[in-house]
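The structure appears right after this line, and notes come after that.
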Number of protein chains: 2
Amino acid sequence: MSYRAPVEQIQFMLRHVVPFADVAATERFAEATPETADAILNEAGKLTSNVLAPLNRNGDLTPARLENGVVRSSPGFADGFRAIAEGGWVGLAADPEYGGMGLPQALNMAVADMMSGANLALQLNPLLTQGQIEALEHHASDELKALYLPKLTSGEWSGTMNLTEPGAGSDVGALTTKAERNEDGTYSVTGQKIFITWGDSDVTENVCHLVLARLPDGAKGTRGISLFMVPKLIPDENGKPGRANSLKVVSLEEKLGIHGSPTCVMSFEGATGWLVGAEHKGMAAMFTMMNCARLGVGMQGVGVAEAALQQAVAYAQDRNQMGQIIQHPDVRRMLATARAEVFAARAIGLACATAIDMERATGDRDHAARAAFLTPIAKAYGTDVGVRVADMGVQVHGGMGYVEETGAAQYLRDVRITPIYEGTNGIQAMDLVGRKLSDGGDAAMRLLDEIFDGAKAAHHDHPDLTDPVLQAAETLREATQSLLERDLTLRFAGAVPYLSAFARVLGAHYHLRAARHGGGAHVALARVHILRVLPRAAAELQEALAGLDDLTALQDAHLAGDFAA
Amino acid sequence: MSYRAPVEQIQFMLRHVVPFADVAATERFAEATPETADAILNEAGKLTSNVLAPLNRNGDLTPARLENGVVRSSPGFADGFRAIAEGGWVGLAADPEYGGMGLPQALNMAVADMMSGANLALQLNPLLTQGQIEALEHHASDELKALYLPKLTSGEWSGTMNLTEPGAGSDVGALTTKAERNEDGTYSVTGQKIFITWGDSDVTENVCHLVLARLPDGAKGTRGISLFMVPKLIPDENGKPGRANSLKVVSLEEKLGIHGSPTCVMSFEGATGWLVGAEHKGMAAMFTMMNCARLGVGMQGVGVAEAALQQAVAYAQDRNQMGQIIQHPDVRRMLATARAEVFAARAIGLACATAIDMERATGDRDHAARAAFLTPIAKAYGTDVGVRVADMGVQVHGGMGYVEETGAAQYLRDVRITPIYEGTNGIQAMDLVGRKLSDGGDAAMRLLDEIFDGAKAAHHDHPDLTDPVLQAAETLREATQSLLERDLTLRFAGAVPYLSAFARVLGAHYHLRAARHGGGAHVALARVHILRVLPRAAAELQEALAGLDDLTALQDAHLAGDFAA
């Protein structure tokens, strides 16, 4: 496995495919000139290709482990994290007031793409720390900000998100962790949390837990939940890590992949916590953290897909079976389709990031709506592509893909978590057809208008490519209208295929932009997408509108295979 | 994980969906009365549900290992194999002259379905032994048959297939293992083989290797290859295992899954072998073995899909997140679609088996052509469905699917080999559009005619369902005609999507038969297939005809992500 960070691909995309120039033209992001952006991406490329990627197998072969209550990270991971921290990468998009660089999310997400491709298990640590920084920036008191943000931004401390409990996964409102008010204004937090990524480690000197818990007078459901900062080591008066808090790692999960990322069962036993945001308003703060992480997870899918695809291409060039297998039509079809989908997923993710940046720079509601609309698509499609491409990578390797030594299987095992965490892809799709269409379809239609305009502008140069895009976009518009006329339950039944179809059409839109501005290779790649990837949107939209009747006509027993029932 | 063998589903299918009655009406299979078939399936259901399934986790958690050159199998596997052997299951379809039951492959493949769902790693042993029995029945001398067939049929000895070498995977003709003639009529075999499933074990008293090797005067390529029986222990004059042959297990592969199945690197060092078939004609005998195994591997996909789906349904019923998650529209959509695909894949596999039976019972060329045409579809679609459904099973489990303790991930890891071995699914598809269309499309068109006739016959009762099937079948017929007009390279570029589309249409055909003969649940399931699974065939056929130009316009460097090239 030798990963080469896709620096030039990303530079091309920021220049010609997504509206990064608009971001750089704002006052807030005036420092993000093309030269600065290029320099940052080049540096990230070196870090990820040369430092992080060579550690990726270590994480898989020597998983993080629990020793006397302390998590020991995989060999080299501490050095890898230090390189990330010292390069300032954790704080790339963080507030300069607390040591961040204040650069656009578009650059931050491009770096996340590369970091995930190089080493997904390790990248989870800065990703979650960044999410915590965002949550604190938006919701914490000035005292908490002053205490925690510099340490998190510099990567001296890391951050976690404590949300899931044994009985409450996607149903956060069912959580039972308790918080009680102490006389000194702090809180005592008691309860068990599961699936806590990087819940402890030896790569930072402190681990800061953001924990959702319910106060005694908190209402049932999500409205009665508050958010607390619960550090592993309580900062002393100088802000240095002091006495140990009353919390511990109970165990680590044995997982399919990302073995280098310790997934902890955490126990809080009257641990001291500090309120973040207002009492009972914890979900809002948690959503800030999750929203940031959702796009980041989408980029994880893109990053691993890139790495798996590079490996598959290298193997296919190297492997001879009646000639190089990369010359076999079916192998070439798999690789080309994967390259087209990686391009599409990356473009959607970076377009989402630029919308976030524009929202922050301008406060404009349309940009906010665009960012909100693209986030679930970027998360679900990015991670679906991650799994599809890693799976393709195994297949191209043949029998060698099934033995662990090649590393092809590791990509598949690692990336398989991404359609699950930060809200399963089913939940992303429900968010899209529910909350994100609750504006009556305005955000969707504005995006579709842009797609139509783009296709019309490309028509003169590429008439054969624009017609299928216009047709697919029209089918998508009609399907969107139909969904808007249905109640939520009916929409939910079609949510996943609808999201997938929207991503295919969006991908075609960005491919057309690349074809207009790039060379012949970009035209060929656009053709692969539009003639091979896009056509499946029609069937997906048909399924999206197929309703619920057949699904409910089948009883549970029938689904289990008992047709006598 | 608790697996319930799908006995009633298979009984219904043999009675109403595939032409098993025609098989039972032949003289050769006169014993396969409905009562006998039901009794056999019921017995297999008990064995697989009660004996083999409970061992499935053992194989994963305690892999087979190499100790002092001997393979120690996973805990309980020896007992499990003994139960298979003593029940006569290895010899279910084998020649009664050598102790077999001589029953139809349709029953044998139905049992393979159940055995794979219960314990894929263990089932590989009888599957490969059956393949060896077939090869010997067709190609071995009477002496070899008399010596080996009774032992293999009874399950006292097991069989392996030694084909792959480090430098020769799908390209068998490149093999370098040598055979030299000895004066006593035996041969000395020298070389290394890889990926040898159950290459050694302690579950049988002898392991019989069928080894492909080249004689000194053998031509280059596949035409100069001969096949040899090379037993681990050379039978003495009484046919008992005697002195050790000059062969050994060098190492076991560490694999993504099927940990209970030892995958061996074998070294033959002047090992004594006996010729099977004529010199230089080894490929024909190996193809006999592979053909049998190909359909068996397709049934493995079906079996694991059944098991993974049952587990997902049980979890979705058990798991509460704002109500049972099985009531959530998207979860129900996933489960119902999976159930429809499992039905379709099983029907295609059993239809293929009945065609094999009819060919053997009647010698009729149309049946032979039907069997040959369906084999690659049954293998590729069955295993694709296996991976898709196991992947869906992980997703339905959410975070619990990613931790190994639930076993959902094991199904995905285990079944992932099936699209690779016995010829990758890409090779199956090339076989379909190459060799299997080399009759000018006769076999394909006869099958399509049957599909049209079936849809027309169902029209009166289910007009809303038959129209989409007729339309999809017509698109498939046109695409078949177009492929026939193209050269092989162009066909290969569209082979995989063509095969997938053919499977969707075939699946719809069998669903319509079930809808006509079964109750309301079968109608609802047919609707799920025809309205959700079938529509994707159109896009696949479009891709099948999309040609090669775009794929070759992209250079290798572009596929690797270097667009400056």
Side-chain angles (χ1 to χ4, degrees), chain A residues 6 8-9 12 169-171 195 253-256 306 310 313 317 321-322 326 329-330 332-333 335-336 339 395 398-399 402-404 409 417 419-420 424 426 489 492-493 495-496 518 521 524-525 527-528 531-532 535-536 538-539 542-543 546 548 550-551 553-554 556 558-561 563-564, chain B residues 6 8-9 12 169-171 195 253-256 306 310 313 317 321-322 326 329-330 332-333 335-336 339 395 398-399 402-404 409 416-417 419-420 424 426 489 492-493 495-496 521 524-525 527-528 531-532 535-536 538-539 542-543 546 548 550-551 553-554 556 558-561 563-564:
Chain A
E8 297 83 3
Q9 290 185 67
F12 173 84
S170 303
D171 183 8
F195 296 149
E253 302 290 354
E254 200 182 317
K255 309 186 299 297
L256 179 59
E306 174 71 44
Q310 286 184 16
V313 170
Q317 287 183 290
Q321 304 242 329
M322 300 161 277
I326 200 167
D330 184 56
R332 217 161 175 85
R333 179 191 65 82
L335 297 171
R339 176 51 69 198
Q395 192 67 21
Y402 199 68
V403 298
E404 290 283 3
I417 186 59
I420 294 175
T424 64
T489 308
F492 287 167
V496 165
L525 194 63
R527 291 183 62 87
V528 169
L531 301 180
R532 293 168 191 270
R536 296 184 192 208
Q542 188 177 337
E543 189 186 354
L548 252 175
D550 304 322
L551 305 180
L554 289 167
D556 292 3
H558 302 144
L559 299 177
F563 283 85
Chain B
E8 298 84 2
Q9 291 184 68
F12 172 85
S170 303
D171 183 9
F195 296 151
E253 302 290 355
E254 200 182 317
K255 308 186 301 297
L256 178 60
E306 174 71 44
Q310 287 184 15
V313 170
Q317 288 183 290
Q321 303 242 330
M322 301 161 276
I326 200 168
D330 183 56
R332 219 163 175 82
R333 180 191 64 82
L335 297 171
R339 176 51 68 199
Q395 192 67 20
Y402 199 67
V403 297
E404 291 283 3
R416 188 62 188 82
I417 186 59
I420 294 174
T424 65
T489 308
F492 287 166
V496 164
L525 193 64
R527 291 183 61 87
V528 169
L531 300 180
R532 294 168 189 271
R536 298 184 190 208
Q542 188 176 337
E543 189 186 353
L548 252 176
D550 304 323
L551 305 180
L554 289 167
D556 292 3
H558 302 143
L559 299 177
F563 282 85

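None of the values given here were measured: they were computed from a predicted structure. Proteins come first, then strands; the chains are lettered A, B, ... in the order of their sequence lines, and each starts at number 1.
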remark   = Turns out that what part of Gln317(A) lies under 4.5 Å from chain B's heavy atoms comes down to side chain

query = Between Arg532(A), Glu254(A), Arg527(A), which has the largest tally of heavy atom pairs under 4.5 Å with chain B?
reply = Arg532(A)

message = Taking every non-hydrogen pair under 4.5 Å, which of Val403(A), Thr489(A), Ile417(A) racks up the most with chain B?
response = Ile417(A)

Exercise: identify the closest heavy-atom pair between Asp556(B) and Val313(A) = O-CG1, 4.0 Å

remark   = Checked Arg416(B), Glu404(B), Gln310(B), Lys255(B) vs chain A; the most non-hydrogen pairs under 4.5 Å come from Arg416(B)

key: Expected output: side-chain Gln9(A) to main-chain Gly561(B) donor-acceptor under 3.5 Å   = yes

message = Can you give me the closest heavy-atom contact between Ile420(B) and Gly399(A), atom names plus distance?
response = CG2-N, 3.4 Å

remark   = If one checks every heavy atom of Ala521(A) against chain B at 4.5 Å, the contacting part turns out to be both

message = Between Pro6(B) and chain A, with a heavy-atom cut-off of 4.5 Å, which part of the residue counts as in contact: side chain, backbone, both or neither?
response = neither

Option in Arg536(A), Glu306(A), Glu253(A) with maximal non-hydrogen atom pairs under 4.5 Å from chain B = Arg536(A)

ask   = What's the verdict on side chain to side chain contact (heavy atoms under 4.5 Å, CB included) for Arg332(A) and Phe492(B), showing C-alpha distance, side-chain angles and the deciding distance?
value = CA-CA 11 Å; Arg332(A) 217 161 175 85; Phe492(B) 287 166; over 6 Å; no

message = Is Glu8(B) close to chain A through its backbone or its side chain, or both, or neither, when contacts mean heavy atoms under 4.5 Å?
response = neither

Residue Tyr402(A) versus chain B: region with a heavy atom under 4.5 Å = both

task = Answer with side chain, backbone, both or neither: which region of Ala560(B) has an atom nearer than 4.5 Å to a non-hydrogen atom of chain A?
result = both

key: His558(B) versus Ala553(B), closest heavy-atom pair with distance   = ND1-O, 4.2 Å

remark   = One should read off an interatomic distance between Gln321(A) CD and Thr424(B) OG1, to the nearest 0.5 angstrom, of 9.0 Å

message = Under 4.5 Å from any heavy atom of chain A, what part of Gln395(B) do you find: side chain, backbone, both or neither?
response = both

ask   = Of all heavy-atom pairs between Ala493(A) and Leu548(A), which one has the smallest distance, and what is that distance?
value = CB-CG, 3.8 Å

query = Non-hydrogen atoms of chain B under 4.5 Å away: do they reach the side chain of Ala546(A), the backbone, both or neither?
reply = both

ask   = Got a sec, which residues hit salt bridge (Lys or Arg N to Asp or Glu O under 4.0 Å) with Arg333(B), two or more places apart in sequence or on another chain?
value = Glu543(A), Asp330(B)

remark   = Heavy-atom closest pair (Leu256(B) atom, Ala409(A) atom, distance to 0.1 Å) is CD1-CB, 4.0 Å

request  = Tell me, for Ile326(A) versus chain B, whether the close heavy atoms (under 4.5 Å) come from the side chain, the backbone, both or neither.
outcome  = side chain

